[in-house]
**Student:** 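What follows is a single structure, and I will ask about it in a moment.
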Number of protein chains: 2
Amino acid sequence: MQRDVFAAIADPTRREIITMLASQPLNLNTVADKFDISRPAVAKHLKLLKECGLIDIEKRGRESFCSARLDGLKEVTDWTAKMRAFWTQKLDALEVFLENDQNTKQDKSYE
Amino acid sequence: MQRDVFAAIADPTRREIITMLASQPLNLNTVADKFDISRPAVAKHLKLLKECGLIDIEKRGRESFCSARLDGLKEVTDWTAKMRAFWTQKLDALEVFLENDQNTKQDKSYE
DNA sequence: GCATTAGGGAACCTTTTGGTTTCAAATATA
DNA sequence: TATATTTGAAACCAAAAGGTTCCCTAATGC
């Protein structure tokens, strides 16, 4: 049972699948037809995406309908936003520091 | 030359490194000491992070000072935000659709 | 009933990933 | 100068990732 959303979106094919399914639900073969790789390969990607909660796979008769369930991406958005905010804040603090004290040569500071 | 930011943040160790460096710059050995894995292993992660632009490595004497440079994460934030927005919008549209027409079945066309 | 279609799943293969140990080079320091 | 510190880099390894082919089962359509 994979569950790392970061690993799930690391693969370009899986990101494409997500993009496709975000616009509309599709069955497995329809998804597979969009790629050059084999159906089992796509099925594996879909299974992984399901296991980490990014898509639903609903069986209807002999067909598997796949649909996006992208609230799991919040974890990624949150982390990246937090990192960038932290970093930007550091840069701002540095800027203020440099503006207020041009003479001090603090050689440990960066940029 | 790796350059996929999505792949870069797929590894938990690399995410930890990024988190560490977001709060303050550190030299290679200091980073390595925080982990149970060997120094060369950490050095490889740092090198990869540098190659995709998420950190800087500045050499001073015999030391390598590493600092965060997290604007590259914008690509990730943008993509995830876009997907989630798209998905939320679809959900809203679906809700309206269901409210307005309970009987129509969805078609299978893509794109 | 029979052929077709959609998908599941096993077995297998190759490349990548993440890790290791070992050694050499360069810089600091006593 | 001799020694310790910090890193770079090579060689190697095991496991995971991503892919393939082949075959089986179960709905569906005729």
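Keep in mind it's a predicted model, so treat the numbers as computed, not measured. Chain letters run A, B, ... following the sequence lines, proteins first and then strands; every chain starts at 1.
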**Student:** Do you know the tightest heavy-atom contact between B/M20 and B/V31?
**Tutor:**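 That would be CE-CA, 4.0 Å.
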**Student:** Please state how far atom CG in B/L28 lies from atom P in D/dA9, giving the value in whole angstrom units.
**Tutor:**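 Roughly 12 Å, once rounded to whole Å.
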**Student:** With a 4.5 Å cut-off on side-chain heavy atoms, are B/L73 and B/I9 touching?
**Tutor:**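 Contact flag for B/I9/B/L73 side chains = yes.
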**Student:** Between B/K47 and A/K44, name the one whose nearest nucleotide on DNA chain D is closer to the 5' end.
**Tutor:**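 Its nearest nucleotide being more 5', the pick is B/K47.
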**Student:** If you take all heavy atoms of B/I55 and B/C66, which pair is closest and at what distance?
**Tutor:**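 Distance-wise, the nearest heavy atoms are CD1-CB, 4.5 Å.
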**Student:** Could you check how far CZ of B/F6 sits from P of D/dA17, rounded to whole Å?
**Tutor:**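 Rounded to whole Å, this separation is 19 Å.
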**Student:** Give the minimum heavy-atom separation between A/M83 and B/A22, together with the two atoms involved.
**Tutor:**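 Between these two residues, the closest heavy atoms are SD-CB, 4.1 Å.
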**Student:** Calculate the interatomic distance between B/F35 atom CZ and C/dG19 atom P; express it in whole Å.
**Tutor:**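 Result: 10 Å.
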**Student:** For C/dG19, does OP1 or OP2 lie under 4.0 Å from any side-chain N or O of B/H45?
**Tutor:**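 Yes.
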**Student:** Can you check whether A/S38 has a side-chain N or O nearer than 4.0 Å to OP1 or OP2 of D/dG19?
**Tutor:**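 Negative; the distance criterion is not met.
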**Student:** For B/N27 and D/dT7, give me the distance from atom CG to atom C1', rounded to whole Å.
**Tutor:**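 Going from CG in B/N27 over to C1' in D/dT7 covers 10 Å.
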**Student:** Dump the intermediate steps for side-chain contact (heavy atoms from CB on, under 4.5 Å) on A/I18 and B/W79, then the final yes or no.
**Tutor:** CA-CA 11 Å; A/I18 289 173; B/W79 186 81; 3.9 Å; yes
**Student:** Treating B/R14 as the side-chain partner and B/A8 as the backbone partner, does any N or O pair qualify as donor plus acceptor under 3.5 Å?
**Tutor:**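 Side chain of B/R14 to backbone of B/A8, a donor-acceptor pair under 3.5 Å: yes, one is there.
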**Student:** Tell me the interatomic distance from B/D36, atom CG, to C/dG19, atom C1', rounded to whole angstroms.
**Tutor:**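 Checked: the CG to C1' distance equals 13 Å.
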**Student:** Over how many whole Å does the gap from B/E58 atom CD to D/dT7 atom C1' extend?
**Tutor:**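 Those two atoms, CD and C1', are 15 Å apart.
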**Student:** Taking CD1 from B/I37 and P from C/dT17, how many angstroms apart are they, rounded to a whole number?
**Tutor:**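 Roughly 16 Å, once rounded to whole Å.
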**Student:** Picking from C/dT20, C/dG18, C/dG8, which would you name as closest to the side chain of B/A41?
**Tutor:**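 Per side-chain heavy atoms of B/A41, the pick is C/dT20.
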**Student:** If you pin B/D11 and A/P40 to their nearest nucleotides in DNA chain C, which one's is more 5'?
**Tutor:**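 It is A/P40, whose closest nucleotide lies nearer the 5' terminus.
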**Student:** Let me know the distance between CG of B/D4 and P of C/dT16, rounded to the nearest Å.
**Tutor:**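 Interatomic distance, CG of B/D4 to P of C/dT16: 14 Å.
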**Student:** Is there side-chain contact between A/F35 and A/I17, with heavy atoms separated by less than 4.5 Å?
**Tutor:**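 Yes, at least one pair of side-chain atoms sits under 4.5 Å.
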**Student:** Does A/N29 have a side-chain nitrogen or oxygen under 4.0 Å from the phosphate oxygens OP1 or OP2 of C/dG7?
**Tutor:**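 Yes, within the criterion.
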**Student:** Any side-chain N or O of A/S64 less than 4.0 Å from the OP1 or OP2 oxygen of C/dG8?
**Tutor:**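 Checking C/dG8 against A/S64, a side-chain N or O does come within under 4.0 Å of OP1 or OP2.
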**Student:** With the sugar-phosphate defined as primed atoms, P, OP1 and OP2, and the base as all remaining atoms, what B/S/- string results for nucleotides 24-30 of chain C, 5' to 3', for protein heavy atoms under 4.0 Å?
**Tutor:** ---BS--
